Amino acid sequence: MPETDVNVIRLIIFFGLLGGLILLEWRWPKRLVDAQRRKRWLANLGIGLINLLVLRLILPGAAVAIAIAVNAGDWGLFNLLELPSWLTVVLSLLLLDLAIWAQHLASHHIPLLWRLHRMHHSDLHIDATTALRFHPLEILLSMAWKALIIALLGAPVIAVILFEILLNGSAMFNHANLRLPAAIDRWLRKLIVTPDMHRVHHSVDQDEHNRNFGFNLPWWDWLFGTYRAQPKLGHAEMTIGLDRFRAERDQELFNLLKQPLKTAD
Ligand SMILES: [Zn+2]
């Protein structure tokens with residue numbers, strides 16, 4: 001499939017999901033909607049647009065391009081092993097998800113990486129647009145990390161395309177301010193990270209904020225002991241964000257972009 005078609009399909013899925021989630025959030029919100037929502041959305045969508053441009057201009061289709069090059073050269077682990085192709089797709093999806101989990105864990109524990117990642121956490125509310133609010137430098141770093149893993153694995157092109165779509169979609173879903181029936185949440189979080197599971201990670205409480213690093217699969221947090229089922233204060237009462245960046249000016253687009261330059265905390 002030509003790369004432009006893949007990009008068009010990705011954009012259609014992206015906007016379809018974002019629009020669908022915003023409708024669901026409006027109909028079934030989990031937490032009270034914030035009074036500053038218009039400003040927040042402008043900032044978050046602004047960051048999302050910058051990231052889209054950065055990825056288009058600097059690294060157009062980077063992950064997919066790396067996968068094409070790696071497979072053309074027969075490089076990477078899966079090109080050495082004679083595994084059925086369906087199995088290499090499944091293993092690639094699993095290992096890429098584990099790599100993103102590990103990167104997220106590192107972003108919370110390595111001070112330099114935290115400076116880039118904390119802008120995402122400084123959102124004072126959490127909804128589908130929070131999934132777009134990653135610092136452009138963190139997006140570039142994340143792309144370089146993914147490229148390394150794709151090259152080492154020799155991940156099939158289709159697995160990389162699927163992973164990119166899944167990662168985008170699941171990030172929007174698990175940031176949504178969406179009230180799912182408890183029974184559905186309990187069942188769903190056996191397979192994917194749900195909004196209630198990820199919201200714990202956006203708590204101001206350090207103990208909760210260093211939990212639930214998963215984006216797609218919840219299994220890594222269970223396996224490595226970083227899983228926390230619910231916030232102590234409950235979803236309606238818990239405070240979202242960081243203590244350090246709660247002023248109105250901290251939430252303006254330009255100050256969000258400058259945030260990594262501020263001293264570490
Ligand atoms: Zn985080």
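One-based numbering, in listed order, for ligands and for the atoms of each. Since we're looking at a predicted model, the values are computed, not measured.
- With His175 contributing its side chain and Asp127 its backbone, the two residues share no donor-acceptor pair below 3.5 Å.
- When atom types are taken as modelled, the side chain of Asp221 and the backbone of Phe213 share a donor-acceptor pair closer than 3.5 angstrom.
- Around the Zn ion (ligand 1), the protein contributes the following N, O or S atoms at distances under 2.8 Å: His104 NE2, His108 NE2, His117 NE2, His121 NE2, His201 NE2.
- Contacts of Gln230 classified as side-chain hydrogen bond (donor to acceptor under 3.5 Å, both in side chains), with partners at least two apart in sequence or in another chain: His235.
- Checked for salt-bridge contact, Asp207 and Arg228 meet the test: a charged N lies under 4.0 Å from a carboxylate O.
- With sequence neighbours left out, Ala106 forms a side-chain contact (heavy atoms from CB on, under 4.5 Å) with Ile110, Leu113.
- For Leu152, the side-chain contact (heavy atoms from CB on, under 4.5 Å) partners two or more places apart in sequence, or in a different chain, are Leu148.
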